[in-house]
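Small disclaimer: the values here were computed from a predicted structure and weren't measured.
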Amino acid sequence: MRRDYPPGVVLHAPHCREAGDGNRAALPVLRAITDYPSHRWCPCGNVDDTPHVVVEQVEYGPHLYTPMSSPPPRDATRALCGICRGTHGNPAPGLLIRHA
C-alpha cells in the first residue's frame, strides 16, 4: 500500500551535542527508522553502532515541492521532496506547502 511520507527528521546518537541538552527521550533505532521513514542520519552515529537515537524535528519552513531525481521508496505515493524528504501529501507539484 502506498503512503505519504512526513517531512524528514534527523536521527542523532544520544551523546551527540547537536541533539540538544541531553534530556531528550531516546527511541530504539529500528523503531525510529520505522516511525520516521524519511529520516537522515547525523554524522554522530548509524544503525550499526547506535542502539538508541534522539529524533530532531526539523523546521523546513515554507517551500515548494521539488521532487528528488532518485527513485522514490516503493511504498511512497510519489518522489520525495528534495528539500524536506516528505511527499507533501496530494497537492500538485509547485504548490507552496507550509509546515508548522
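- With hydrogens and angles ignored, the 3.5 Å screen pairs no side-chain donor or acceptor of R85 with any backbone N or O of L80.
- When all heavy atoms of S38 and P6 are compared, the pair lying nearest together is OG-O, 2.6 Å.
- Remark: D75 engages R3, Y5, P73 in a side chain to side chain contact (heavy atoms under 4.5 Å, CB included) (not counting sequence neighbours).
- Smallest separation of non-hydrogen atoms from A13 and C44: N-SG, 3.0 Å.
- Taking both residues in full, the closest heavy atoms of P72 and A79 are given as CB-CA, 3.6 Å, listed atom of the first, atom of the second, then distance.
- Cation-pi check for R78 over Y65 is met; the charged atom lies under 6.0 angstrom from the ring centroid and within 45 degrees of its normal.
- Distance check, rounded to the nearest 0.5 Å: SG of C84 to CD of E59 gives 10.5 Å.
- Residues W41 and V10 are not in side-chain contact: their nearest non-hydrogen atoms beyond the backbone lie 4.5 Å or more apart.
- Aromatic pair H88/H63: ring centres closer than 6.0 Å.
- Across P14 and V54, no two heavy atoms sit closer than the pair CA-CG2, 3.8 Å.
- Looking only at side-chain heavy atoms (C-beta outward), P67 and C81 stay at 4.5 Å or farther from each other.
- Shortest non-hydrogen contact noted between L64 and I83 is O-CD1, 3.8 Å.
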Considering only distance and modelled atom types, tabulate donor-acceptor pairs under 3.5 Å from the side chains of residues 27-35, sequence neighbours left out.
from, atom 1, to, atom 2, distance (Å)
R31, NE, D35, OD2, 3.1
T34, OG1, L30, O, 2.9

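- Across E56, H39, H52, R40, a single residue satisfies side chain to side chain contact (heavy atoms under 4.5 Å, CB included) together with L11, and that is H39.
- Among all heavy-atom pairs drawn from G8 and Y60, the shortest one is O-OH, 3.0 Å.
- A distance-only check finds a donor-acceptor pair linking the side chain of R2 to the backbone of R74 [under 3.5 Å].
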